[in-house]
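Below, all heavy atoms of this structure are taken into account, side chains as well, without hydrogens, waters or symmetry copies. Residue numbers start at 1 and run along the sequence shown. Atoms within a ligand are numbered from 1 in the order they appear, just like the ligands themselves.
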Amino acid sequence: MLRLALSSIASLFLVPFSHDYYAPSPPGYIPGLHSHCSLIPPIAKPEFDARQAALATALYNLNASAYITEPSANSQYYANFSSINWKLSERPLLLIIRPRSISDSQIEPDVALLTPKFETLRASGLPVVPFKDSQTRYIQWAEEANPYASALAGLGISSDSEETLYVDNKIRKFIVDGLQQAGPKLRIASAPLEITSLRERKSPAELEILKCANEATVLAIRDVHLQLSAGLRESEVSIMLSSALGKAGLSNAGCLTLFGANAALPHGSGTDRVLGRDDFALFDCGGSLHGYVSDVTRTVALPDARLPNGHLHIWYAVKGAQAAALGAAKAGVLTRKPDEAARAFLQALGLKDYFTHRLGHALFARGSNDVMLTGHTFSNEPGVYIENKVGVRIEDCFYVDDAGNPRYLTERVGGPSETPWAP
Ligand SMILES: *[C@@H]1O[C@H](CO)[C@@H](O)[C@H](O)[C@H]1NC(C)=O
Ligand SMILES: *[C@@H]1O[C@H](CO)[C@@H](O)[C@H](O)[C@H]1NC(C)=O
C-alpha cells in the first residue's frame with residue numbers, strides 16, 4: 001500500500017532540488033543570529049495593567065473572589081514571572097489576583113503573592129508587575145503555619161466563607177486540597193472560559209515577540225544545518241542547536257533531535273543515533289523570548305544525502321499537507337478545519353494512517369468546535385511517521401491577521417521549509 005501510495009505521490013510532485021538555503025530577505029531585514037531579537041521590547045507595563053484589569057473585571061462579573069495560579073504561563077501573562085524565575089517546590093508560592101470594586105463601573109485588581117516567609121526576600125526580587133502605581137502585596141506563611149490558612153487570612157476571606165475561587169487549570173492538586181481544607185465551604189474551580197479566553201487573542205506586542213522568537217529559531221536551525229555532516233550524533237547536534245538558539249537570543253532553548261528511523265517516534269527514541277547520508281534529521285525546536293515560546297520543526301537532509309527511494313516524496317507530502325492546512329485557515333472557520341485539510345491531503349496520497357497526531361496542539365487551541373478569530377495563533381505541524389523507516393514533520397506556527405487571513409510567524413524569514421536542503 002505504501003509502495004502504491006509513493007508512486008502516486010511521485011507523479012503528483014515535481015521535486016525541486018535547491019541549494020539556496022535562505023529565502024530572499026525582505027527589505028530592512030538583517031540576517032544573522034546575533035541579536036536578531038534585540039530590538040524587540042518585552043511586554044510594557046500598560047499592557048500588564050490592562051491584562052490585570054480585564055481579569056479583575058471578568059472575576060467580578062463571575063462573582064468570584066480571586067484567581068490563583070502557581071508560577072506558570074498564566075503568572076507570566078498577568079504578572080511577568082513564571083517557573084523560569086521561580087522553580088516549583090513543595091512550598092507553595094501563589095499569585096493571587098482579586099477584583100476590587102472602586103465604583104459601580106470600575107473594578108481594579110488587587111495583586112498579591114503568597115510566599116514562604118523565609119523566602120520573602122527572594123520572592124520580592126521576582127519581576128512581578130504591580131497594578132498601575134500600587135504595590136504588590138506579599139502574604140507570608142511561616143514554616144510552621146498552614147500556607148492556605150495564611151493565604152485566606154491575608155486575603156480577608158473567612159474560613160467558613162462560601163466565595164468562589166478560580167484556579168489555573170495546571171495548579172497542583174495538593175494546593176487545591178489545601179485551600180479547600182482551609183475553607184471547606186469555598187467553591188474552588190478551574191478558571192472558566194470567560195477567564196481562559198482572555199489570553200487567547202494576541203496583541204500586536206505579543207505577535208512581534210512571537211514572530212521574532214520563531215524567526216530566531218528558524219535562523220538557528222539553518223545555521224546548524226549548514227554545519228551538519230555524516231557521523232555526528234543526535235546528542236552532538238542537539239548541543240549545537242541549543243547553542244545556536246542561545247546565540248539567537250532565546251532562553252530555555254533546545255531541540256528534540258532525531259535522525260533516520262528515530263524520527264518515526266514523534267517524541268523521541270532514547271538512543272543516540274549517528275547521522276548517515278541516507279537519513280533525514282528532524283529538529284523540533286523551541287526557545288523563550290520575553291516569556292513567549294517558539295515552536296518550529298524542520299526535517300532536513302545532508303547536502304550530499306543519498307535518501308532511500310520514497311523519502312523525498314514523503315517529505316513533499318508533508319509539505320503539501322502543511323500548505324493544505326494553512327489554506328483551510330481563516331477567521332470564522334472552525335479551528336479543526338486545518339487539521340482536517342492536512343488529513344484529507346495525506347489520505348489522498350495513502351499516508352493518512354501515518355499521520356498519528358493532530359494539528360494545532362500548542363498555543364491555546366481548545367476543543368473542537370471553537371472558531372478561529374483574529375489574533376489567534378496555531379501550530380501547523382503535519383507529520384508522517386513510518387516505524388523503523390522514516391519520520392518527517394514540518395512545523396510553523398501561524399496567526400490570524402486583522403484581515404482574517406492566516407500568516408506564518410516565520411514569514412519574514414521566508415516561512416516554511418522549501419526543501420529538505422532549504423529549511
Ligand atoms: C518583566 O520581567 C523582565 C525580566 O524577566 C524585565 O526585564 C521587565 O522589565 C519586566 N517587565 C515589566 C513591565 O516590569
Ligand atoms: C456571589 O457570591 C456570594 C458568596 O461570595 C454569594 O453570597 C452571593 O449570593 C453571590 N451572588 C450571586 C448573584 O450569585
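Between Arg91 and Glu119 there is no salt bridge, since none of the side-chain N atoms of the basic residue sits less than 4.0 Å from a carboxylate O of the acidic one.
With Arg343 contributing its side chain and Lys352 its backbone, the two residues share no donor-acceptor pair below 3.5 Å.
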* Asked: Should Leu210 and Cys397 be marked as a side-chain contact (heavy atoms from CB on, under 4.5 Å) after you check the CA-CA gap, both sets of side-chain angles, and the distance that decides it?
  -> CA-CA 9 Å; Leu210 281 167; Cys397 295; over 6 Å; no
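Aromatic rings of Phe398 and Phe378 (six-membered ring for Trp) have centroids within the 6.0 Å cut-off, being under it. Aromatic ring centroids of His357 and Tyr385 lie under 6.0 Å apart.
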Please tabulate, one line per pair, the protein nitrogen or oxygen atoms found under 3.5 angstrom from a nitrogen or oxygen of ligand 1, with distances to 0.1 Å, or say none if there are no such pairs.
{"from": "ligand 1", "atom 1": "2 (O)", "to": "Asn80", "atom 2": "OD1", "distance (Å)": "3.3"}
{"from": "ligand 1", "atom 1": "2 (O)", "to": "Asn80", "atom 2": "ND2", "distance (Å)": "2.4"}
{"from": "ligand 1", "atom 1": "11 (N)", "to": "Asn80", "atom 2": "ND2", "distance (Å)": "2.9"}

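At under 3.5 Å, not a single nitrogen or oxygen of Thr164, backbone or side chain, sits near a nitrogen or oxygen of ligand 2.
For the residue pair Pro423 and Ser417, the shortest heavy atom distance occurs at CA-OG, 3.3 Å.
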